[in-house]
Number of protein chains: 2
Amino acid sequence: MKKKDPAIDRLFHALGDPTRRAILDRLGHAPTSATRLAEWLGVTVTAVGQHLQILEDAGLVSTEKLGRVRTCSIHHAGFDRLEQWIRDHRTSWERRLERLADLLAESDKD
Amino acid sequence: MKKKDPAIDRLFHALGDPTRRAILDRLGHAPTSATRLAEWLGVTVTAVGQHLQILEDAGLVSTEKLGRVRTCSIHHAGFDRLEQWIRDHRTSWERRLERLADLLAESDKD
DNA sequence: AAAATACTGAAGTATCCACTTGACAATTCT
DNA sequence: AGAATTGTCAAGTGGATACTTCAGTATTTT
């Protein structure tokens, strides 16, 4: 039953947390450092680091360390994958609705 | 900082679990009863009931009880909201990229 | 009416996960 | 060089959560 897709797992798990979505909101506006994110969110830098790891693994954020400061920005890949997932599932039930419509049309003939 | 949106919270939380996404996969193919889902997933009917509650609250699934059997099917609202969320965030960072491009073009003039 | 089916509700458990603290490493500032 | 800044690592804690079992209700079947 389980066609396990670790990438999708990581993606949805990453998006499942409000704090991480808040980070995405912020980064969508402009790239920032981990410390700034921490101050803004009201949590420790350590916590932010952990979130960033997860977001990066999910392909939603990319980070680069210059000197001692790690700058984070939005990354496309994750959003693309998410959009693809929706498209797949949407077409899935849309096809089902079509079949249903066909069946109804069929039964009208009786 | 927190512009809390409970609907989005519920939505992403619902999608964050692999079992619940498996349920969506299955329902995308065809509507089913709770018991069938439980057999297919290899968990208790109780567990399925709990998942269904969450999926329903998120607007991803709708259920209807006829007699003693509860039939579940995909519901559009959740997917629509999800798609809207992506659109919002995509335009957000796309606008940023435009500004960045403008800045680069600007600095070329120096 | 009795037995089987399909689900619901309460309560417990075990695991996961977001967050912390405290110690450390690396870089920049004075 | 010394102090401040920025981030990383290891380990621990509390609360959420995905399950379970057990007991019960409503519906269908025989």
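Keep in mind that the numbers below use all heavy atoms, side chains included, and drop hydrogens, waters and symmetry copies. Since the structure is predicted, the reported quantities are computational estimates derived from the model, not experimental observations.
Put simply, NE2 on B:His13 is 8 Å from C1' on D:dA16, counting in whole angstrom units. The CG atom of B:Leu41 sits 9 Å away from the P atom of D:dC19 (whole-angstrom rounding). Counting to the nearest Å, the P atom of C:dT15 and the CG atom of B:Asp17 are 17 Å from each other. Rounded to an integer number of Å, the gap from B:Leu66 CG to D:dT28 C1' is 14 Å. Rounded to a whole Å, the CG atom of A:Leu37 is 12 Å from the P atom of D:dT8. A straight line from CG of A:Leu52 to C1' of D:dC9 spans 15 Å, rounded to a whole angstrom. Going from atom CD of A:Gln53 over to atom P of C:dC17 covers 14 Å, rounded to whole Å. One can place CG of A:Asp9 at 13 Å from P of D:dA18, the figure rounded to the nearest angstrom.
Heavy atoms of A:Gly67 sit under 4.0 angstrom from primed sugar atoms or phosphate atoms, though from no base atom. Counting non-hydrogen atoms under 4.0 angstrom, B:Arg36 reaches nothing in the nucleic acid. In this structure, B:Ala34 reaches the sugar-phosphate backbone alone: every heavy-atom distance under 4.0 Å involves primed, P, OP1 or OP2 atoms, never a base. Note on B:Val43: only backbone sugar-phosphate atoms sit closer than 4.0 angstrom, heavy atoms only; bases stay farther off.
For the residue pair A:Leu52 and A:Ala34, the shortest heavy atom distance occurs at CD1-CB, 4.2 Å.
One hydrophobic cluster holds both B:Leu24 and B:Trp85 under the rule that ILVMFWY side chains link at heavy-atom gaps under 4.5 Å.
OP1 and OP2 of C:dC29 both lie 4.0 Å or more from every side-chain N or O belonging to A:Arg68. An OP1 or OP2 oxygen of C:dC17 is reached within less than 4.0 angstrom by no side-chain nitrogen or oxygen of A:His51. Listed pair A:Thr19 / C:dC19 meets the phosphate criterion, a side-chain N or O lying under 4.0 Å from OP1 or OP2.
Remark on DNA chain C: of its neighbouring residues B:Thr46 and B:Glu39, the 5'-side contact belongs to B:Glu39, judged by nearest-heavy-atom nucleotide.
Donor-acceptor pairing under 3.5 Å, judged by distance alone, is absent between the side chain of A:Gln50 and the base of D:dT8.
A:Ser73 contributes no side-chain N or O that, together with a main-chain N or O of A:Thr71, makes up a donor-acceptor pair within less than 3.5 Å. Counting only distance, with no hydrogens or angles, the side chain of A:Arg21 and the backbone of A:Leu15 share a donor-acceptor pair below 3.5 Å.
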Q.
Go through it in stages, so that I can follow the logic: the residues are B:His13 and A:Asp17, the test is side-chain hydrogen bond (donor to acceptor under 3.5 Å, both in side chains), and I'd like the CA-CA distance, side-chain angles, deciding distance and then a yes or no.
A. CA-CA 7 Å; B:His13 171 243; A:Asp17 180 75; over 6 Å; no
